[in-house]
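For reference, the structure discussed in these notes is given below.
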Amino acid sequence: MVVHMPNFSPISIEHIADAVGQEVTIRGWLRQRRSSGKIHFLVIRDGTGEIQGVVNKATVEPEQFERSAQLTQESSVMITGTPRAEPRATSGYELDVHTITIVQLAEPFPIQPKEHSVGFLMEHRHLWLRSRRQHAVLRIRHEIIRACRDFFDDRDFTLIDTPIFTPNACEGTTTLFQTQYFDQTAYLAQSGQLYSEASAAAFGKVYCFGPTFRAEKSKTRRHLMEFWMVEPEMAFAELVDAMDLAEGLLKMVVERVLDRRQSELKILERDVSKLEVVVPPLPRVTYEEAITVLKEKGVAIEFGDDFGGDDETVLASSFDKPVIVHRYPASIKAFYMEPDPEAPNLALCMDVLAPEGYGEIIGGGQRIHNYDTLLARIKEHRLPEEAFRWYLDLRKYGSVPHAGFGMGIERVVAWICGLEHVRETIPFPRMLYTLYP
RNA sequence: UCCUCGGUAGCUCAGCUGGUAGAGCGUUCGGCUGUUAACCGAAUGGUCGCAGGUUCGAGUCCUGCCCGGGGAGCCA
């Protein structure tokens, strides 16, 4: 199949403004064709943008006009023509088409420019990715991931990736995907944190960024079975350092998307004023204060209860930016949380709740650095001591206070894009009972 | 695991107290020189999720099962 034309180098549609008046070739797919008898309008997308091509029967070769009449939705094409500014076009530019090369004439495309059910679209996720909305969401996802990496790289964190096959539960509470690792049982990682703690003692400031797996049968708009998490961990750091870091990270992520992805936010019809207010300082409340706020709003909750999805929404709606909630009761948090020296029943932990009901986007805190305290917690939680031998070792050889957190990428993307459901924030979502495509 | 809603044409849906299966979009053909989910005319389209049952007669009523949407718990 020929995809190179001898005399023209292809240009991407996002740079079409630079080529006004010159003959150029674009390579892409036909989003839509409209016809008015002797004039055809071809909407072409190439992954960077879209442009309407005009094929005028009076000015093109008859065989070119015939060819444009045959084109079906999503046919792959190479189109040579001259771009010009056009006030009637939605993108501001149009292409006067001279020649059309059909790379492949597409069969009838399942996804039409009309409403479809979520089930149908998910079944055709591999094709749905071509839509304007999905394209915008995934470009914003990319921008968010790039902002996270830049944030940590700029602050001298070292990227230390953690394993996906693990011998045991990191936290022991959530359900893990079990698999065979030759002749022994292994589990897919639910967090890189414990390994990041080891890395932090070697590199000082580290982060890991990878997929995590939870086999919980959660069926809500906030859950996926496979999702991506960025997890920084810092040696010589305490709870307040983790909170400061989280605040800085969120600031940078939101700033970057507002700065570089305005057109995508517009496609998604996101109310950007809700994002523009996300500037430090973020409100910080203790768990106890949060319980008081909830009680004042009439929520039936008592000190010691964990927040449900609705509680998080009520709490977050009291603020117009993400809110940091810290010092939860140790009893409802993971075993490795450092106890508060001023109130040993509390943990030096924090969660960040996104506004507008998007829920917990960050969870973390300060880790136990004392050997005896950690061993006692492992026993209390009835965790297999042998499996945690290496983790306990970290408390024997130069242990220091250390802290970090994990940020769930899909929830952040859902929040920033203003989406109803996290399933659109990842190219191929893994959901309860849905593994195809 | 529990609660709840749904499954009818390729897609989105309508189908009343049981009585011959419908529309729009798509597709095909024809018309139209500025369309924006174009428009106009014609043609095309069905194992009513599956299996039983009630009935003269079931898309419609009953039972069981399968699949999907939304939510709860749990979590990021």
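Labels below follow one simple rule: chain letters A, B, ... track the order of the sequence lines, proteins then strands, and each chain is numbered from 1.
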Rounded to the nearest angstrom, tell me the gap between atom [atom1] in [X] and atom [atom2] in [N].
X: A/Leu127; N: B/rG10; atom1: CG; atom2: C1'; answer: 14 Å
X: A/Arg33; N: B/rA37; atom1: CZ; atom2: P; answer: 17 Å
X: A/Glu410; N: B/rA76; atom1: CD; atom2: P; answer: 13 Å
X: A/Glu86; N: B/rG34; atom1: CD; atom2: P; answer: 13 Å
X: A/Leu353; N: B/rC75; atom1: CG; atom2: C1'; answer: 13 Å
X: A/Met431; N: B/rC75; atom1: CE; atom2: P; answer: 22 Å
X: A/Leu71; N: B/rU27; atom1: CG; atom2: P; answer: 13 Å
X: A/Ile144; N: B/rA76; atom1: CD1; atom2: C1'; answer: 14 Å

When you check the phosphate oxygens OP1 and OP2 of [N], does a side-chain N or O of [X] lie under 4.0 Å from one of them?
X: A/Arg221; N: B/rG71; result: yes
X: A/Lys217; N: B/rC74; result: no
X: A/Arg222; N: B/rG70; result: no
X: A/Ser218; N: B/rC74; result: no
X: A/His421; N: B/rG70; result: yes

(request) Determine whether A/Phe151 and A/Tyr207 make a side-chain contact, defined as any pair of heavy atoms from C-beta on separated by less than 4.5 Å. (result)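 No, every pair of side-chain atoms sits at 4.5 Å or beyond.
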
(message) What I'd like to find out is whether the side chain of A/Glu360 reaches to under 4.5 Å of the side chain of A/Val352, using heavy atoms alone.
(response)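 A side-chain contact is absent here, since even the closest heavy-atom pair is not under 4.5 Å.
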
Would you mind classifying the nucleic acid contact of [X] as base, sugar-phosphate or nothing, using non-hydrogen atoms under 4.0 angstrom?
X: A/Ser117; result: sugar-phosphate
X: A/Arg423; result: sugar-phosphate
X: A/Ala89; result: nothing

Between [Y] and [X], is there a salt bridge with N-O shorter than 4.0 Å?
X: A/Arg261; Y: A/Glu143; value: yes
X: A/Arg327; Y: A/Glu288; value: no
X: A/Asp46; Y: A/Arg31; value: no

Please confirm whether any donor atom in the side chain of [X] sits under 3.5 Å from an acceptor in the base of [N], or the reverse.
X: A/His223; N: B/rC75; result: yes
X: A/Gln52; N: B/rU35; result: yes
X: A/Glu94; N: B/rG34; result: yes

From the list [options], which nucleotide is the closest neighbour of the side chain of [X]?
X: A/Arg214; options: B/rU33, B/rC75, B/rU35; value: B/rC75
X: A/Lys114; options: B/rU33, B/rG10, B/rC11; value: B/rC11
X: A/Ser36; options: B/rU33, B/rU12, B/rA72; value: B/rU33
X: A/Glu216; options: B/rG69, B/rG34, B/rC74; value: B/rC74
X: A/Ser35; options: B/rG69, B/rC32, B/rU35; value: B/rC32
X: A/Lys219; options: B/rG69, B/rG34, B/rA76; value: B/rG69
X: A/Arg411; options: B/rC11, B/rC32, B/rA76; value: B/rA76
X: A/Asp306; options: B/rU33, B/rU12, B/rC75; value: B/rC75

(message) Determine whether the aromatic ring centres of residues A/Phe303 and A/Tyr287 are separated by less than 6.0 angstrom.
(response)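 Yes.
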
(request) Report the residue (A/Phe41 or A/Ile332) whose heavy-atom-nearest nucleotide on RNA chain B is the more 5′ of the two. (result)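 So the residue in question is A/Phe41.
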
(request) For A/Thr220 and for A/Leu432, find the nucleotide of RNA chain B with the closest heavy atom, then tell me which residue's nucleotide is more 5'. (result)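 It is A/Leu432 whose nearest nucleotide is closer to the 5' end.
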
Work out how far the [atom1] atom of [N] is from that of [M], and round it to whole angstrom.
N: B/rU44; M: B/rG24; atom1: C1'; result: 15 Å
N: B/rU28; M: B/rU20; atom1: P; result: 34 Å
N: B/rA72; M: B/rC39; atom1: C1'; result: 49 Å
N: B/rC48; M: B/rU60; atom1: C1'; result: 10 Å
N: B/rG15; M: B/rG22; atom1: C1'; result: 7 Å
N: B/rA21; M: B/rG59; atom1: C1'; result: 9 Å
N: B/rG53; M: B/rA58; atom1: C1'; result: 11 Å
N: B/rG18; M: B/rU55; atom1: P; result: 16 Å

Counter-base of [N], judged by Watson-Crick or G-U geometry with both distances under 3.5 Å:
N: B/rG68; value: B/rC5
N: B/rU27; value: B/rA43
N: B/rU33; value: none
N: B/rU54; value: none
N: B/rC13; value: B/rG22

(message) For A/Ala316 versus A/Leu353, what's the shortest heavy-atom pair and its separation?
(response)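 Closest approach of A/Ala316 to A/Leu353, heavy atoms only: CB-CB, 4.4 Å.
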
(request) Would you tell me whether A/Thr80 and A/His98 have side-chain atoms, one donor and one acceptor, within less than 3.5 Å of each other? (result)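 A/Thr80 vs A/His98: no donor-acceptor pair found between side chains.
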
(message) For a quick check under 3.5 Å, do A/Ser196 and A/Ser199 share a side-chain donor-acceptor pair by atom type?
(response)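 No donor-acceptor contact under 3.5 Å links the two side chains.
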
(request) Examine A/Arg430 relative to A/Phe428 and say whether NZ or CZ is less than 6.0 Å from the centre of the six-membered ring and inside a 45° cone about the ring axis. (result)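 Judged by the rule (NZ or CZ under 6.0 Å from the ring centre, within 45° of its axis), A/Arg430 is not positioned above A/Phe428.
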
(request) Apply side chain to side chain contact (heavy atoms under 4.5 Å, CB included) to A/Leu249 and A/Cys148, showing your working. (result) CA-CA 7 Å; A/Leu249 176 62; A/Cys148 289; 4.1 Å; yes

(message) I'd like to check, for A/Phe227, whether its ring lies over the base of B/rA76 with centroids under 5.5 Å apart and a plane angle smaller than 30°.
(response)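 Whether judged by distance or by angle, A/Phe227 passes, so it stacks on the base of B/rA76.
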
(request) Give me the residues of residues 359-366 of chain A where at least one heavy atom lies under 4.0 Å from an atom of RNA chain B, by number, or none. (result)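 Within this stretch, A/Glu360, A/Ile361, A/Ile362 sit under 4.0 Å of the strand.
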
